[in-house]
Amino acid sequence: NRITEGSIFGQLLLFFFPILFGTFFQQLYNTADAMVVGRFVGKQALAAVGGSTSTLINLLVGFFVGLSSGATVVISQFYGARKADKVHWAVHTSIAFSVIGGIIFMIVGLVGSPWALEAMKTPEDVMGHAVVYIRIYFLGIIVNLVYNMGAGILRAVGDSRRPLYFLIASCFTNIILDVLLVAVLGMGVAGAALATITGQIVSALLAVYYLFRPKSFRLKRVSFKPDAEILKHVLPLGISSFLTQVSIVVIMAVMNNVLVIYGAGSKYGADIPMTVVGIVMKVFQIVISVVVGIAAGAQPIVGYNYGAGLWRRVKLIFRTMMAAEFSVGLVSLICFEVFPVQIISVFGSEDGLYNEFAVLAFRVFLGGIVLCCIQKSCSIFLQSIGRPALSMLLSLLRDFVLSVPLTLVLPRFFGVTGALYSGPAADVISFGAAVLCMAAVFRKLNRLEDGEVALSGASQGGLAVERKIC
């Protein structure tokens, strides 16, 4: 009743803040290894923890978070449709798959990580440290996936706080062991990796322990059998998230190359554009983390109401979510357009050319931030109603299909500043695509609400409704 009735905005905040704080602690978790290793071991070890290994880990975490989002969507729809048996099998399938998938990832990672690091041009003096760190990390990959899946399950049934508590416990375990194993015992990057996977073990054990406790559903050992039909709906979301992470890595590589080539022939040189755009992307990611937090907070609410067949409320949730995302984008746009110098000064003050390009980068590259916020939120909403393929296409449209060609082509006509115009250009086009997608979805929701779809299909809720509407 709390999810299907009452204030939508209040429910959104109830889910949003745990996700936002969880993002903060996740960043703190990732930063702790680098801080301790950099201070007590050396720059090669720091490069091993924060360089190519960090990219690989971010790709994996993106995939795991996508899988957990898939579980959240599927389980919340069944939960809203009051299909207890489906909830039971969806929960057990998700956990069983996380264990099986974790084992596969562990084997592939242990064997293939040296090759992956070489392919990413990891320096020779860093390679030894990087291989040690990433292989130990892969030893604990199972518990990482189990925690993320468990957190997704809990959010699906309306519990947004416990996943945060488990993550906080994991984070502090990691920090304490980082200091003990690296600073006190001198175990280097191996100690940092062991601290990381120990923290992950803590969060996974807490999640599994709670899932075994009696509630509206509970884990049972005899039921750990993956269901192919449920996996068919969970896996696409994981693949979508993974491809989005890959596209971000690709666009950053392309952008860096373009900035070096065209920056060298400009008055700014190669270093200033690369440094500034790196900072702009960090600020951009902060805004997007808030946007994703709001949309991810809405996922279980949308899924539950969608599964319950409450079409009008699903539309109200979308409008409330859009209003919140628009507000975040508008405040960000005002800051980027009015206070770019003040923002860049947080990262250090430089000469006139540096500040000149920084102002240009914030005002141009992030000029379409409002449209970007709305487009990304639409993509996550589509996941919430079981449309992973369309969600993936919408996400990749901006982050890869448009951004890469625009980054390569525009500098040919406008020089190094042309790379900056690729951002708003991609935002405008992808926003138009998002509007068209959502218009089609709303037409079908309206037909369901008006009873134009067969009642037998509309009354089934959950995935059956998803097949009818989509």
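In what follows, residues are counted from 1 in the order of the sequence shown.
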Is any side-chain heavy atom of F40 less than 4.5 Å from a side-chain heavy atom of D178? no
In terms of heavy-atom contacts, S76 and A156 come closest through CB-O, 3.5 Å
Would you sort out whether V441 and F318 count as a side chain to side chain contact (heavy atoms under 4.5 Å, CB included), showing the intermediate values? CA-CA 11 Å; V441 168; F318 175 77; over 6 Å; no
Residue pair L360 / T417: nearest heavy atoms and the distance that separates them: CD2-CG2, 3.3 Å
Is the count of non-hydrogen atoms from other residues, nucleotides or ligands lying under 6.0 Å from Y421 atom OH greater than 12? no
Of all residues at least two apart in sequence or in a different chain, which pass the salt bridge (charged side-chain N to carboxylate O under 4.0 Å, His left out) check with R135? none
Indicate the atoms forming the closest heavy-atom contact of I380 with A296, along with that distance. CG2-N, 4.2 Å
Let me confirm one number: the CZ-CD1 distance from F138 to I107, rounded to the nearest 0.5 Å. 12.0 Å
State, with a plain yes or no, whether a side-chain heavy atom of I369 is found less than 4.5 Å away from one of C373. yes
Indicate yes or no for a side-chain donor-acceptor contact from S266 to the backbone of G263 under 3.5 Å, with no hydrogens or angles considered. yes
Apply salt bridge (charged side-chain N to carboxylate O under 4.0 Å, His left out) to E337 and list each qualifying residue two or more places apart in sequence or on a separate chain. none
Could you measure the distance from the SG atom of C378 to the CZ atom of F431? Nearest 0.5 Å is fine. 7.5 Å
Check: T198 and T173 side chains under 4.5 Å, non-hydrogen atoms: yes
If you measure from CG on D427 to CZ on F365, what distance do you get to the nearest 0.5 Å? 8.0 Å
Kindly indicate, with the supporting measurements, whether the criterion side chain to side chain contact (heavy atoms under 4.5 Å, CB included) is fulfilled by L393 and L397. CA-CA 6 Å; L393 290 174; L397 177 66; over 6 Å; no
Distance check, rounded to the nearest 0.5 Å: Y165 atom OH versus I168 atom CD1? 8.0 Å
Show me the donor-acceptor pairs within less than 3.5 Å that the side chains of residues 405-415 make with the rest of the protein, sequence neighbours left out.
| residue | atom | partner | partner atom | Å |
| --- | --- | --- | --- | --- |
| T407 | OG1 | S403 | O | 2.6 |
| T407 | OG1 | S422 | OG | 3.4 |

Side-chain donor-acceptor pairs under 3.5 Å in residues 270-277, sequence neighbours left out?
| residue | atom | partner | partner atom | Å |
| --- | --- | --- | --- | --- |
| T275 | OG1 | D271 | O | 2.8 |

Below 4.5 Å, heavy atoms only, C-beta onward: do V287 and L366 meet side chain to side chain? no
With heavy-atom distances below 4.5 Å as the criterion, would you say the side chains of V314 and F381 are in contact? yes
Using the rule given for side chain to side chain contact (heavy atoms under 4.5 Å, CB included), can you reason through Y137 versus N144, listing the C-alpha separation, both sets of side-chain angles and the distance that settles it, and then say yes or no? CA-CA 10 Å; Y137 186 90; N144 190 332; 3.0 Å; yes
Pairing residues for R155 by the salt bridge (charged side-chain N to carboxylate O under 4.0 Å, His left out) criterion, not counting sequence neighbours: none
Find out whether I288 and C372 are in side-chain contact, i.e. whether some heavy atom of one side chain is under 4.5 Å from a heavy atom of the other. yes
Is any side-chain heavy atom of P340 closer than 4.5 Å to one of I344? no
Acceptor/donor pairs from residues 320-332 side chains to any protein atom, 3.5 angstrom cut, sequence neighbours excluded:
| residue | atom | partner | partner atom | Å |
| --- | --- | --- | --- | --- |
| T320 | OG1 | L316 | O | 2.9 |
| E325 | OE2 | S377 | OG | 3.2 |
| S327 | OG | A323 | O | 2.9 |
| S332 | OG | V328 | O | 2.8 |

Can you confirm whether F442 is buried at CZ, in the sense that more than 12 heavy atoms of other residues, nucleotides or ligands lie under 6.0 Å from that atom? yes
Can you give me the closest heavy-atom contact between L394 and Q375, atom names plus distance? O-NE2, 2.7 Å
If you define the side chain from C-beta out and look only at heavy atoms, does anything of L145 sit under 4.5 Å from M106? no
Using the side chain to side chain contact (heavy atoms under 4.5 Å, CB included) rule, take V146 and I142 through it: C-alpha gap first, then chi angles, then the decisive distance, then the call. CA-CA 6 Å; V146 167; I142 298 173; 4.3 Å; yes
If only atom types and distance count, is the side chain of S170 paired as donor or acceptor with the main-chain N or O of F166 below 3.5 Å? no
How far apart are the closest heavy atoms of G191 and V182, and which atoms are they? C-CG2, 3.9 Å
Interatomic spacing from CD in Q342 to OG in S345 - rounded to 0.5 Å: 6.5 Å
If you round to the nearest 0.5 Å, how far is CD of E118 from OG of S113? 10.0 Å
Got a sec: does the CZ of F284 have more than 12 other heavy atoms crowding it under 6.0 Å? yes
Closest non-hydrogen atoms of I75 and A90, given as atom of the first, atom of the second and distance, are CG1-CB, 3.7 Å
